[in-house]
**Q** 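Here's a structure for you.
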Amino acid sequence: MPEKEKKIKVKKGTPIAQSVPRELLPEIVAARIGDTAVDLSFIPDRDEEAELISADTEDGLRILRHSAAHLTAQAVLSIYKDAKLNAGPPTEDGFYYDIQMDPISLEDLGKIEARMKEISARKLKIERIEMTREDLEKKFAQNRFKLDKIVAKVKPGQRSTVYRQGDFEDFCTGPHVPDTSYLGAVKLLSVASTNYLGDVNREKMVRIYGTAFPDRKSLEHYLAMRDEALKRDHRKIGQEMDLFTFNSERAPGFPLYAPNGQWIRSMMVGFMKNLNEKYGWQEVWTPHLFKDTMWKQSGHYAKYKDNMYLFQLSDGDSYAIKPMNCPGHITIFERTMYSYRDLPVKYFEAGTVYRYEKSGEVGGLTRPRAFTIDDGHAFLRMDQMVAEITAVLAMVREAFSAFFESPEMIYDLSVIDKENYDNYLISYHCNSCNTISDIRKAAVEELRCPACGSTGLEPDFRRWDAATDALRMALQSNGIPYKEFPGEAAFYGPKIDIHVKDALGRSWQLSTVQLDFFMPINFELSFINEQGKKETPVMVHRAIYGSYERFLVILLESYAGRLPTWLSPLQCYVVPVSQSFSQYGQKVAEALKARGIRTVLDDSNETMNRKIRNVRRLRPSYIVVVGAKEAESNTVSVRNRDEKQSVHELDRFAEALEKEIDERRIQQTL
RNA sequence: GCCGUCGUAGCUCAGCCUGGUAGAGCGUGUGCUUGGUAAGCACAAGGUCGCGGGAUCGAAUCCCGUCGACGGCUCCA
């Protein structure tokens with residue numbers, strides 16, 4: 001969204017609104033002086049330059065939506081007198097308000113929304129009122145959620161603000177739109193429950209979700225997109241296309257792929273195998289079970305045992321079904337002694353992992369209990385890090401360009417939060433014996449030097465810094481824009497996560513590239529360096545699709561199931577006009593199948609119209625109709641995914657289609 | 001795991017509030033029809049109403065429990 005640059009001069013002693021050009025006023029919601037966003041009613045105490053914030057900018061929308069949250073709260077309070085407000089922030093595409101009240105249902109939203117419209121139409125002025133902490137405490141004495149916030153955010157003796165519209169007041173720093181008439185295009189969307197401060201032991205709250213836009217039209221557009229997203233839900237499309245099933249009694253949370261779904265999967269797996277080989281990754285296979293001792297060594301057991309499928313055999317040995325592929329790949333790396341000349345050693349596998357997700361967390365293919373990662377692990381020398389990460393980034397771009405016309409990719413660099421490192425595996429330097437040890441503080445009872453038992457340990461971030469620098473370098477030298485997120489790193493190292501935006505503007509986290517110095521240490525991995533000495537390699541963990549399941553979701557939802565032909569489980573559906581042309585239909589189907597085109601001939605005793613109607617849910621790439629005309633001229637009458645019809649000579653058609661599939665064309669050629 | 005909503009035929013859903021042993025459309029099967037690009041006609045099969053328990057003469061319907069799905073919260077190596 002382009003930020004509109006509108007700067008105006010504002011005069012000391014007069015509200016900003018008075019200096020805003022009259023024609024702009026309806027779309028301006030607030031202003032920025034320096035770095036601070038302020039209300040239009042703000043009166044500067046000296047002449048200033050102010051930047052106008054219009055409702056269609058990112059900041060403007062947030063202000064508008066936050067004001068809409070206030071409006072929601074006002075409406076709720078006017079209907080449900082006992083409701084107690086907690087907080088109502090804007091979100092990425094709307095807002096919510098958390099309110100302690102009796103549960104309400106979707107039907108109740110209409111009533112609340114109607115009240116909101118009324119209030120909006122009254123054009124209530126939204127006023128900012130400064131108060132002392134003591135006055136705030138008095139005003140919100142009946143609401144301990146607000147009191148908590150006042151205590152937490154306003155120091156004794158300090159002042160803060162309340163926003164008032166009509167009889168409604170909320171503790172809030174603002175800014176807000178000038179009056180409620182700016183909130184004409186609002187919509188309440190859903191209701192959910194939550195707990196105060198996200199803590200299951202605290203009070204239950206009702207969360208009302210909604211959104212707001214500067215005008216009716218953009219709201220309508222948003223709602224249309226939202227409807228479209230619902231229509232494209234992969235669970236619905238997967239059902240229609242007969243791709244997969246879930247059996248909630250036999251295997252809750254585990255997808256089972258039917259033939260059509262498995263066909264798509266194998267296309268994706270095959271594509272990834274080629275891509276990996278092109279970039280020098282070698283395919284391996286690892287078992288689905290390992291003894292728990294390995295998971296203890298890798299550190300996964302300590303951190304994730306609650307999410308692992310663990311079991312014990314009658315002889316007493318304990319096993320875990322793999323929740324990760326890396327220890328398996330490490331085990332393969334360990335089988336032999338590598339020379340520095342052999343590095344990088346790069347293994348990949350379409351590795352299915354099993355994670356026990358808690359009951360409320362599973363959902364469709366986006367959060368299954370078993371999923372397959374296009375997993376790769378590289379073992380490198382320090383001097384190979386930047387080059388290898390650069391190569392992985394290129395691989396990612398190549399992969400996504402094959403599936404999407406012009407994929408929009410967003411890069412996040414997740415780094416350690418040095419203020420808050422207990423959860424990370426880092427090196428500690430012992431002040432009394434100078435030993436360096438690698439410890440994750442959160443996983444041990446007490447932080448002690450393993451060599452001398454001293455508690456005088458200093459964190460040493462040098463390895464984290466080197467890894468982070470390598471990732472930054474790879475991004476920067478390729479001119480890739482990225483954002484850094486402190487505290488988001490994996491426990492063993494920093495990572496780059498790559499998000500892709502889909503057709504409906506939603507962004508999905510897919511690829512991840514992680515650097516890891518610690519797993520090689522845990523497993524005492526080594527290679528022989530130029531000096532003939534053992535040296536510890538660096539590991540890169542990377543996945544490109546992320547998981548096949550998630551990637552399938554994105555493909556299905558962004559193409560609404562109408563996949564590029566090479567990925568389509570039903571490439572040609574041959575319909576003879578009547579059974580008297582079954583023979584020619586068969587000839588056509590055979591010709592297509594001979595070229596490896598997935599073809600189904602429907603010579604059943606049904607009308608052509610019904611066949612076409614019923615096959616649509618399967619999203620065939622091409623519907624091929626044949627009758628007297630076609631049989632005579634050896635042609636086919638073809639309808640593509642966009643309902644475009646055309647007639648082709650049979651061989652020409654088969655040839656073109658074969659080419660379209662071989663070249664993995666995204667668009668249809670006919 | 002927590003909160004809320006929901007669970008009836010392969011699919012989509014009605015019936016539940018106000019108890020009297022189950023309904024529609026699509027799909028499936030059979031027959032008729034032999035058709036020119038999204039609804040030709042007829043008949044039929046198909047459900048112990050997620051599972052378990054309770055109160056009732058009687059439960060899909062009311063109550064309790066349980067499993068599961070969905071929307072959120074928390075989590076996501």
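When reading the values below, keep in mind they use all heavy atoms of this one structure, side chains included, and skip hydrogens, waters and symmetry mates. Numbered from 1 within each chain, the chains take letters A, B, ... in sequence-line order.
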**Q** Let me know the distance between CG of A:Asn195 and P of B:G4, rounded to the nearest Å.
**A**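 Whole-Å distance recorded here is 10 Å.
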
**Q** By nearest atom, which of the nucleotides B:A77, B:A39, B:G1 is closest to the A:Gln514 side chain?
**A**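 Closest of the options to the side chain of A:Gln514: B:A77.
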
**Q** Just name whichever nucleotide pairs with B:U34, Watson-Crick or G-U, keeping both distances under 3.5 Å, else none.
**A**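 Pairing partner, where one exists within any strand: none, as none qualifies.
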
**Q** Using the six-membered ring for Trp and the full ring for Phe, Tyr or His, decide whether A:Tyr304 stacks on the six-membered base ring of B:A77 (centres under 5.5 Å, planes under 30°).
**A**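 Yes, the aromatic ring of A:Tyr304 stacks with the base.
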
**Q** Considering only the P atoms, how many Å lie between B:C17 and B:U12, rounded to the nearest integer?
**A**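 It works out to 25 Å between them.
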
**Q** How many whole angstroms separate atom CZ of A:Arg369 from atom P of B:C76?
**A**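 Nearest whole value for this atom pair: 17 Å.
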
**Q** Determine whether any donor atom in the side chain of A:Arg367 lies under 3.5 Å from an acceptor atom in the base of B:C75, or the reverse, and answer yes or no.
**A**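 A donor-acceptor contact between them is present.
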
**Q** Can you tell me the base-pairing partner of B:G71? Count Watson-Crick or G-U wobble geometry only, both distances below 3.5 Å, and say none if there is no partner.
**A**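 Looking at the geometry, B:G71 pairs with B:C3.
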
**Q** Would you mind telling me which residue lines up with the more 5' stretch of RNA chain B, A:Lys303 or A:Lys629, judged by nearest nucleotide?
**A**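 The residue closer to the strand's 5' end, by nearest nucleotide, is A:Lys629.
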
**Q** Are A:Lys501 and A:Ile410 side-chain neighbours, meaning at least one heavy-atom pair lies under 4.5 Å?
**A**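 Yes; the side chains approach each other to less than 4.5 Å.
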
**Q** Nearest of B:G36, B:G68, B:A77 to any side-chain atom of A:Met324?
**A**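 The closest nucleotide is B:A77.
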
**Q** Rounded to the nearest angstrom, tell me the gap between atom CZ in A:Arg542 and atom P in B:A77.
**A**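 A:Arg542 atom CZ is separated from B:A77 atom P by 18 Å.
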
**Q** Where the side chain of A:Ala192 is concerned, which of B:G72, B:G36, B:A38 is the nearest nucleotide?
**A**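 Closest nucleotide to the A:Ala192 side chain: B:G72.
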
**Q** Scan A:Pro323 against the nucleic acid and name what it touches under 4.0 Å (heavy atoms): base, sugar-phosphate only, or nothing.
**A**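 If one applies the 4.0 Å heavy-atom cut-off, A:Pro323 turns out to touch a base.
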
**Q** Would you classify A:Gly299 as touching base, sugar-phosphate or nothing, given that sugar-phosphate means primed atoms plus P, OP1 and OP2, and contacts are heavy atoms under 4.0 Å?
**A**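 Touches nothing.
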
**Q** Which nucleotide in the set B:G27, B:C11, B:G1 lies at the smallest distance from any side-chain heavy atom of A:Gln239?
**A**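 Looking only at side-chain atoms, A:Gln239 lies closest to B:C11.
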
**Q** Can you tell me which nucleotide in B:A69, B:A38, B:G36 comes closest to the side chain of A:Val362?
**A**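 Output: B:A69.
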
**Q** What's the CG-P distance between A:Asp233 and B:A69, to the nearest Å?
**A**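 Answer to the nearest Å: 15 Å.
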
**Q** What I'd like to find out is whether the side chain of A:Thr293 reaches to under 4.5 Å of the side chain of A:Gln297, using heavy atoms alone.
**A**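 No. Closest side-chain heavy atoms not under 4.5 Å.
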
**Q** Taking CZ from A:Arg613 and C1' from B:G25, how many angstroms apart are they, rounded to a whole number?
**A**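 Checked: the CZ to C1' distance equals 12 Å.
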
**Q** At under 4.0 Å, does any side-chain N or O of A:Arg250 touch on OP1 or OP2 of B:G50?
**A**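 Checking B:G50 against A:Arg250, no side-chain N or O comes under 4.0 Å of OP1 or OP2.
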
**Q** Counting any heavy atom closer than 4.0 Å, what does A:Arg610 reach on the DNA or RNA strands: base, sugar-phosphate only, or nothing?
**A**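 Result for A:Arg610 = sugar-phosphate.
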
**Q** B:U33 C1' sits how many Å from A:Lys611 NZ, rounded?
**A**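 So the two atoms are 13 Å apart, to the nearest Å.
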
**Q** Taking donor-acceptor contacts at under 3.5 Å, does the side chain of A:Glu361 reach the base of B:G72?
**A**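 No, the side chain and the base share no sub-3.5 Å donor-acceptor pair.
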
**Q** Could you please name the option among B:G40, B:G1, B:G35 that lies closest to any side-chain atom of A:Asn609?
**A**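 Of the candidates, B:G40 comes closest.
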
**Q** Sticking with atom P, work out how far B:U30 lies from B:C51, rounded to a whole angstrom.
**A**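 Nearest-Å result for B:U30 against B:C51 at atom P: 31 Å.
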
**Q** With a 4.0 Å cutoff (strictly under), does any side-chain N or O of A:Tyr354 reach OP1 or OP2 of B:A77?
**A**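 Answer is no, no contact under 4.0 Å.
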
**Q** Here's a test of your reading of the structure: between A:Lys495 and A:Ser604, which maps to the more 5' nucleotide of RNA chain B?
**A**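 Between the two, 5'-proximity favours A:Ser604.
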
**Q** For B:C70, does either OP1 or OP2 sit under 4.0 Å from a side-chain N or O belonging to A:Arg235?
**A**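 A:Arg235 to B:C70 OP1/OP2: side-chain N or O found under 4.0 Å.
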
**Q** Please give the nucleotide sitting opposite B:C13 as a Watson-Crick or G-U wobble pair, both distances under 3.5 Å, or none.
**A**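 Its partner is B:G23.
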
**Q** Report the distance from atom CZ of A:Arg617 to atom P of B:U12, rounded to the nearest whole Å.
**A**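 So the CZ-P distance, A:Arg617 to B:U12, works out to 12 Å.
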
**Q** Out of B:C32, B:C2, B:G36, which has the shortest distance to the side chain of A:Asn605?
**A**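 Among the listed nucleotides, the one closest to the side chain of A:Asn605 is B:C32.
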
**Q** Which nucleotide wins on minimum distance to the side chain of A:Arg207, given the candidates B:G35, B:C73, B:G1?
**A**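 That would be B:C73.
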
**Q** Is there a side-chain polar atom (N or O) of A:Ser359 under 4.0 Å from OP1 or OP2 of B:G1?
**A**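 It does, given that an N or O in the side chain of A:Ser359 lies less than 4.0 Å from OP1 or OP2 of B:G1.
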
**Q** Ignoring hydrogens and geometry, is there a side-chain-to-backbone donor-acceptor pair from A:Trp285 to A:Glu349 under 3.5 Å?
**A**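 Flag not set: sc A:Trp285 to bb A:Glu349 has no pair under 3.5 Å.
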
**Q** On the six-membered ring of A:Tyr96, is A:Arg207 placed so that its NZ or CZ lies under 6.0 angstrom from the centre and within 45° of the ring axis?
**A**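 Yes.
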
**Q** Measuring from the side chain of A:Gln579 (C-beta onward, heavy atoms only), which nucleotide among B:G68, B:G1, B:U34 has the closest atom?
**A**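 Nearest to the side chain of A:Gln579 among the choices is B:U34.
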
**Q** Starting the side chain at C-beta, find the nucleotide from B:G68, B:A38, B:G1 nearest to A:Ile612.
**A**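 Nucleotide nearest to A:Ile612's side chain: B:A38.
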
**Q** Whole-Å distance between B:C70 C1' and A:Leu230 CG?
**A**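 In whole Å, B:C70 C1' lies 12 Å from A:Leu230 CG.
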
**Q** So, OP1 or OP2 of B:G27: does either fall under 4.0 Å of a side-chain N or O from A:Asn614?
**A**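 So the side-chain polar atoms of A:Asn614 do come within 4.0 Å of the phosphate oxygens OP1 or OP2 of B:G27, strictly under.
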
